[in-house]
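Start at 1 and go down the list; that is how both ligands and their atoms are numbered.
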Amino acid sequence: MENYFKSMPDTEGNYGEYGGRYLPPQLQEEMEKITDAYYSISKSHEFISELRSIRKHFQGRPTPVYFARNLSNECGGRIYLKREDLNHTGAHKLNHCMGEALLAKSLGKKKLIAETGAGQHGVALATAAAYFDLECEIHMGEVDIVKEHPNVIRMKLLGAKVVPVSHGLKTLKEAVDSAFDAYLKDPVTAIYCIGSVVGPHPFPMMVRDFQRIVGIEAKEQFSDMTGELPDNVVACVGGGSNAIGLFSSFLDEQETSLYGVEPAGRSFKPGDHASTLTYGKPGIIHGFKCYLLQEENGDPSPVYSIASGLDYPGVGPEHSMLKDKGQVNYVTASDDDCLDAFYTLSRKEGIIPALESAHAVAYAMKLAKEKPRESILVNLSGRGDKDIDFIVDNYGVRE
Ligand SMILES: *Cc1c(COP(=O)(O)O)cnc(C)c1O
């Protein structure tokens, strides 16, 4: 397995035909520097032991694997949850943000720059910046600033500067452009910290490596609990960071089937979903090649999901390759499936999941009904506190 991680991606950041770097020359150079630094620093004893200590004492890792008995009784099968919702700040995103910020600190950087859509990545990065006493600048579309007000407040409390982006559709894509521009103006003291396994090399590799801890822990915990490997492993896929983190420990296990769950939204019509691997075709977005939901001219299509953390028209290059190779099954769950799983998990287990994670739970519930004798390990990537107001305002509490 280690051979897989050493050769994937190759030195140019390619995962088969995907990934790489499609950037102007100045950014190429900066990415080259970050790549070199990552290879030399992240493999050092000092870096590894500091990250280990942070994970344990600050993040609260290892997060448990939990046997969801009531849910299993309801659906059949044996459903286990990897509880990333119990990670500090309530989701898996802090795993890579702490890694990226530690790298920044080791490089002598003073400022972290990033974009955020729903604000989850912004909050995780602002948390990491506070921990390391670094400045933090989060670019966010004006539309999202209004919609995601509590996360804007959180970022400010954590000491981050929130930069409103007022051009175009004023959402995630424009925020990425704005953050890249800010980074280009100041590449010496600042570093760009991406929010998933997307973007130009080395980000998909770095973020995956920082998320691998989820799979490493889960594999050991699951085998301690059951004496076996899981028959099925399920995770939701936006950019794909929580999924690749968990899948990475099972990629070469023949007896385990892997499922990446994309948001099917309201319908399969363009603009009504964000099922990139299911309906997209190869293209280029934000400096890398991947499956892409795109217009005739190659521009990214508008996308939609009830879970704002999943509505991205691209997807990680490694997932794009794993799809072509058939190593992972990419499937979908609709808004309605997601809502059903959201209410069911809350009621049956006392765990309110993030709407993103509820897509994975929805597919696991379906799989459990189809394969009642098998075990299913689900990545519960985050908790639903952030979604409660939205759910109650739009769908009520469902008696
Ligand atoms: C951001 C987010 C996701 C989607 O991101 P990935 O990179 O696909 O993991 C999933 N779950 C939660 C809770 C999130 O905040």
Side-chain angles (χ1 to χ4, degrees), residues 63 81-97 99-100 114-125 127 144 148 150-151 154 172 175 193-199 203-215 233-248 259-263 274-277 286 288 290-291 303 305-320 322 328 330 332-333 338 341-342 345 351-363 378-388 390:
T63 58
L81 306 174
K82 176 61 173 163
R83 298 289 309 275
E84 287 304 292
D85 60 317
L86 295 178
N87 201 24
H88 180 43
T89 70
H92 70 289
K93 284 199 175 72
L94 198 64
N95 298 333
H96 61 252
C97 286
E100 287 176 319
E115 80 293 339
T116 197
Q120 296 302 109
H121 176 52
V123 169
L125 196 66
T127 303
D144 290 329
E148 310 290 347
N151 275 341
R154 276 185 199 111
L172 183 62
C193 293
I194 219 150
S196 185
V197 282
V198 297
F203 287 109
M205 171 183 73
M206 283 191 338
V207 171
R208 172 198 69 192
D209 290 355
F210 291 135
Q211 289 294 347
R212 277 178 62 192
I213 187 65
V214 176
V233 168
V234 181
C236 66
V237 177
S241 66
N242 85 88
I244 205 74
L246 184 60
F247 294 171
S248 59
Y259 295 88
V261 186
E262 298 194 299
S275 300
T276 306
L277 289 159
H286 296 142
F288 72 108
C290 63
Y291 272 83
V303 283
S305 164
I306 190 171
S308 41
L310 300 181
D311 66 356
Y312 184 62
V315 66
E318 195 164 0
H319 288 289
S320 301
L322 291 169
V328 176
Y330 292 95
T332 62
C338 160
F342 176 89
L345 192 69
I351 299 170
I352 301 176
L355 287 173
E356 291 80 8
S357 323
H359 283 76
V361 176
Y363 194 79
V378 185
N379 201 358
L380 198 72
S381 54
R383 60 174 168 245
D385 303 30
K386 67 184 177 61
D387 300 313
I388 288 171
F390 170 81

Contacts table for ligand 1: protein N or O within a distance under 3.5 Å of ligand N or O, distances only.
unit_1	atom_1	unit_2	atom_2	d
ligand 1	7 (O)	Ser196	OG	2.6
ligand 1	7 (O)	Gly240	N	3.3
ligand 1	7 (O)	Ser241	N	2.8
ligand 1	7 (O)	Ser241	OG	2.6
ligand 1	8 (O)	Gly238	N	2.8
ligand 1	8 (O)	Gly239	N	3.2
ligand 1	8 (O)	Gly240	N	2.7
ligand 1	9 (O)	His92	NE2	3.0
ligand 1	9 (O)	Ser241	N	3.4
ligand 1	9 (O)	Ser241	OG	3.1
ligand 1	9 (O)	Asn242	N	2.9
ligand 1	9 (O)	Asn242	ND2	2.8
ligand 1	11 (N)	Ser381	OG	2.7
ligand 1	15 (O)	Lys93	NZ	2.6

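- Between the side chains of Thr63 and Lys82, a donor-acceptor pair is found at a separation under 3.5 Å.
- The aromatic rings of His96 and His121 are tilted relative to each other, their planes meeting at an angle between 30° and 60°.
- Looking only at distances, no side-chain donor or acceptor of Asn379 sits under 3.5 Å from a matching main-chain atom of Leu246.
- With sequence neighbours excluded, the residues that form a salt bridge (Lys or Arg N to Asp or Glu O under 4.0 Å) with Lys386 are Glu356.
- Ring planes of His319 and Tyr330: perpendicular class, angle over 60° (limits at 30 and 60°).
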Between Tyr312 and Thr276, does the side-chain contact (heavy atoms from CB on, under 4.5 Å) criterion hold? Intermediate values first, please. CA-CA 8 Å; Tyr312 184 62; Thr276 306; over 6 Å; no
